[in-house]
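In this chain, residues are counted from 1 in sequence order. Values below: every heavy atom of this structure, side chains too, minus hydrogens, waters and symmetry copies.
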Amino acid sequence: MSRSPSFSVKSEVNVKLDPESLQKWVVAFCIIRFDLEQGQLIEECYPPDCLTQDEELEVAFSSFPDSISQHQNRSSIHDCIFFFRVRRKEISQPRNVSSSEIAEVDDLRSKSSIARRSKYMYGFVFNRQRHDERLRRGGEQKSVVILSHNPYSTVFKPLLQIMGPLYFDIGKKALEHIAAFVSMWPAPVPGKQMELPIGNALLKAHLPPAHSLPMDGETFSEDSTSSMAPFLPNNLSVPQGLFHDSDLFGTFRGLLLQLWLLWELQLIGEPILIIAPTPPQCCEAVAGLVSLVAPLLCSVDFRPYFTIHDPEFSYLNTLQDGATFPPMVLGVTNLFFLKSLRNIPHIVSVGTPAVSRLAQTSRSSSGSVSVASEGLGLRQLSLKKFSPSNFLNAVKLRRDGPLCLMTEHKEAIWSTYPAVTKPDTSILNRLIDAGLSPRVEESMSVVNNEILRRHFLELTTNFLAPFGPYFRTTTPSEGSSPFDEPSRPEFSADEFLASLSTRGLGKFLAKRMRSNWLDLYRRFLKGPNFMPWFQRRRAVAEQEQHRLWRQARMSADVPRLVSKLPELEVVDLFNAIERHLLKEIELQESRRAYADSAATCQKLKGDLLAVFNVLPKDMHQLLLLNPQRASLLCGSPELTKLPGRPLVQVGVKSPR
């Protein structure tokens, strides 16, 4: 992010809000206050009436830490930034509004196609706790929240760093000013770097790529097709998945040897509970886990900050012993979850409870400002090599179980999963220990994150590589008909595993995985991440192949092709061209036509007539019995002369 040292908003800014443009980025801006008598209250929501009553409650409860931070200063201000993810509810009619206002709100909603499709909503929170012993309970707290259907952390975290303090300076006007600027932004382009003006500041942010974002309806543009394939880029500032700006090194610094275990758990979609002392820490950990499996589409339900007020908690809390826990990654700060969610098989404890400073900011590798986990401390980098004391501590942690966190917070992982991938110590040895200098720590964290991210990106890409043949596109071979339907290999899990077992792993994975590596592929095929990713990649490959074959049909020399075919195959060619022509006409009628659809129809009609001309006369009458076909063939008489065929003049008339 690039901005001037002093931020100001011109008072004369008077831009009419464009609801459709605004909702491409933001659902709403909210101000939420914690009231001692009534609990969490939404004081402001802009634009108004865009949330259901249930959503308002869920957003309000998710916008505050579980308990007020125990700051040492009796009179101080403590700010932090975190985010949550909640399931989107069906939009109901707003309450206590006139019929004209209802019509206005309905119009706003009808313009937002994103709102109708999105399954989840993200809330980015700027929380301020003001400690003052003169106030009841010794303080007060309020949150500024940005709600969006998109997980654009590289945009909304820096925006909160401007909007949060601005609200506490000028009040409600901050929401209106920020909304006006956001509504003037260009539409988001996944995978691209955006320059977004906000007052006298300029946000520069790389958005996550199309292949990492949920797409209800599964439609893909030509621009997005090339970004769907897993590949290893040279420029790591270009994100390959969600939360590219997350601080992997800082968050998991005490668990670096366990990153490969966490990568596998996230890859196969295992349920994971992440416990941290503060919301920023647990959010950063959840975001880091999701980013570990890039460029794989993450289909696991992840909740960066999960509270007991979430509607889904009641279901999770009723799961009986032995019941299968749904594939979720939950970030929590409330230790009550250790008892209530005892069925969850993997528990990760990160961060440190020492919070004696405000949330720090560090420049991420994407070039924008993100909020680093507070309270991480500047511990010396340690890979925890084997020693008798470390071994005894590990045994004690396993024996005591995660409930030991009730008395003392420790960084640890409790899991019985047998990891297949071996930790790559050569990668860990390249990480730089910044010592105790905060300034050096900030820059070294960027370097370390790039090292880790590149490694896991390469690891995931190589793991997905064996599926490549199922996504390859083909073009018609020379002399063959582009009107035939291209074939594509069907996927069978058993056949894939048998073939992979015979071929073996590539060199990159072979030296990093144990002998039971095929079990990891079996778990991946059965997990929640595989099929959504495979179907999307397959759909993109089919779309690209359709484009290539359609292009080949436009340039096909049909008279020359027909001259080489026996009579029966000419009939098949006629039927194939007719099929493609009818599909093109159907696209036109449904308003989903390509830009060159009219030219394509004209070309296909000409090809259909050319083939019709060379068919025997007795077949003409038979073909024209179909009124739809006859209408396609109606047109001015044409003469076609093909080598070895009689000259036929076609003047088609509809049968009586």
Contacts of type salt bridge (Lys or Arg N to Asp or Glu O under 4.0 Å), residue [X], not counting sequence neighbours:
{"X": "E542", "value": "R538"}
{"X": "K603", "value": "D607"}
{"X": "R579", "value": "none"}
{"X": "D572", "value": "none"}

Problem set entry | With sequence neighbours excluded, residues passing ring pair (Phe, Tyr, Trp, His ring centres under 6.0 Å) with H455 | W260
Exercise. Within 45° of the axis and under 6.0 Å from the centre of the six-membered ring of Y120, does NZ or CZ of R85 qualify?
Worked result: yes
Seminar exercise, completed: Between the CG atom in L505 and the OH atom in Y521, the distance rounded to the nearest 0.5 Å is 5.5 Å
Exercise. Should the ring pair F463 and W263 be called parallel, tilted or perpendicular, given that the plane angle runs from 0 to 90° and is split at 30 and 60?
Worked result: perpendicular
For this session: Please work out whether the ring planes of Y122 and F302 are parallel, tilted or perpendicular, with thresholds of 30° and 60°.
Result: tilted
Exercise. Can you pull the ring-ring contact (aromatic ring centres under 6.0 Å, His included) pairs that have at least one residue in residues 492-514, sequence neighbours excluded?
Worked result: F467-F496, F491-F496
Can you tell whether the side chains of [X] and [Y] come within less than 4.0 Å, N to carboxylate O?
{"X": "R453", "Y": "E450", "result": "no"}
{"X": "E55", "Y": "R88", "result": "yes"}
{"X": "R550", "Y": "E584", "result": "yes"}

Are [X] and [Y] close enough that a side-chain donor and a side-chain acceptor fall under 3.5 Å?
{"X": "S426", "Y": "D424", "result": "yes"}
{"X": "S246", "Y": "E284", "result": "no"}
{"X": "R503", "Y": "S499", "result": "yes"}
{"X": "S153", "Y": "D245", "result": "yes"}

